[in-house]
Peer 1: 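Dropping the structure in here first, questions after.
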Amino acid sequence: MATTEPIQITDFDFMEGDDGKTLVVVEMCNSSTEAQTRTLNVVGSSGGNEREGSATVTVSPETPQSVEVPLGLEFEMFRVRGDLSFDLE
């Protein structure tokens with residue numbers, strides 16, 4: 001029997017944090033009937049540099065939840081040549 005992950009990443013964006021570094025904003029939804037807790041891992045790369053960030057988030061049923069994950073990458077360089085990948089644990 002196949003199972004489906006109830007937590008889904010529905011949208012993401014990035015912006016410049018107060019420190020001039022890249023801040024990734026991820027929106028998630030929960031399709032189950034109970035709150036679910038996951039660790040969101042984000043890997044960002046830009047100009048040959050790679051940084052990882054993570055956040056643990058609890059998502060209530062049918063209520064979108066946003067989480068901010070800071071990356072130690074200079075925003076201006078990332079904005080021009082950045083790449084992101086996501087993983088939920």
Peer 1: In the single-linkage hydrophobic clustering (I, L, V, M, F, W, Y; side-chain heavy atoms under 4.5 Å), do Val57 and Val42 co-cluster?
Peer 2: yes
Peer 1: So how far is it from Asp19 CG to Phe75 CZ, rounded to the nearest 0.5 Å?
Peer 2: 11.5 Å
Peer 1: Can you measure from CD (Glu34) to OG (Ser60) and round to the nearest 0.5 angstrom?
Peer 2: 11.5 Å
Peer 1: Report the distance from atom CZ of Arg79 to atom CD of Glu74, rounding to the nearest 0.5 Å.
Peer 2: 13.0 Å
Peer 1: Any side-chain heavy atom of Val67 sitting closer than 4.5 Å to one from Met28?
Peer 2: yes
Peer 1: My understanding is that only residues two or more places apart in sequence, or in another chain, count here; which of them pass side-chain contact (heavy atoms from CB on, under 4.5 Å) with Thr56?
Peer 2: Thr37, Thr39
Peer 1: Give me the atom names and distance for the closest heavy-atom approach of Ala55 to Val69.
Peer 2: CB-CG2, 4.0 Å
Peer 1: Could you pull out every donor-acceptor pair under 3.5 Å between side chains of residues 8-18 and any protein atom, sequence neighbours left out?
Peer 2:
{"unit_1": "Gln8", "atom_1": "NE2", "unit_2": "Glu5", "atom_2": "O", "d": "2.7"}
{"unit_1": "Thr10", "atom_1": "OG1", "unit_2": "Glu27", "atom_2": "O", "d": "3.2"}

Peer 1: Output a table of donor-acceptor pairs, distance under 3.5 Å, between side-chain atoms of residues 82-89 and any protein atom two or more places apart or on a different chain; print 'none' if there are none.
Peer 2:
{"unit_1": "Glu89", "atom_1": "OE2", "unit_2": "Asn41", "atom_2": "ND2", "d": "3.2"}

Peer 1: How far apart are the closest heavy atoms of Arg51 and Asn49, and which atoms are they?
Peer 2: NH1-CB, 4.2 Å
Peer 1: Quick one: does Thr22's side chain have a donor or acceptor within less than 3.5 Å of a partner on Leu71's backbone?
Peer 2: no
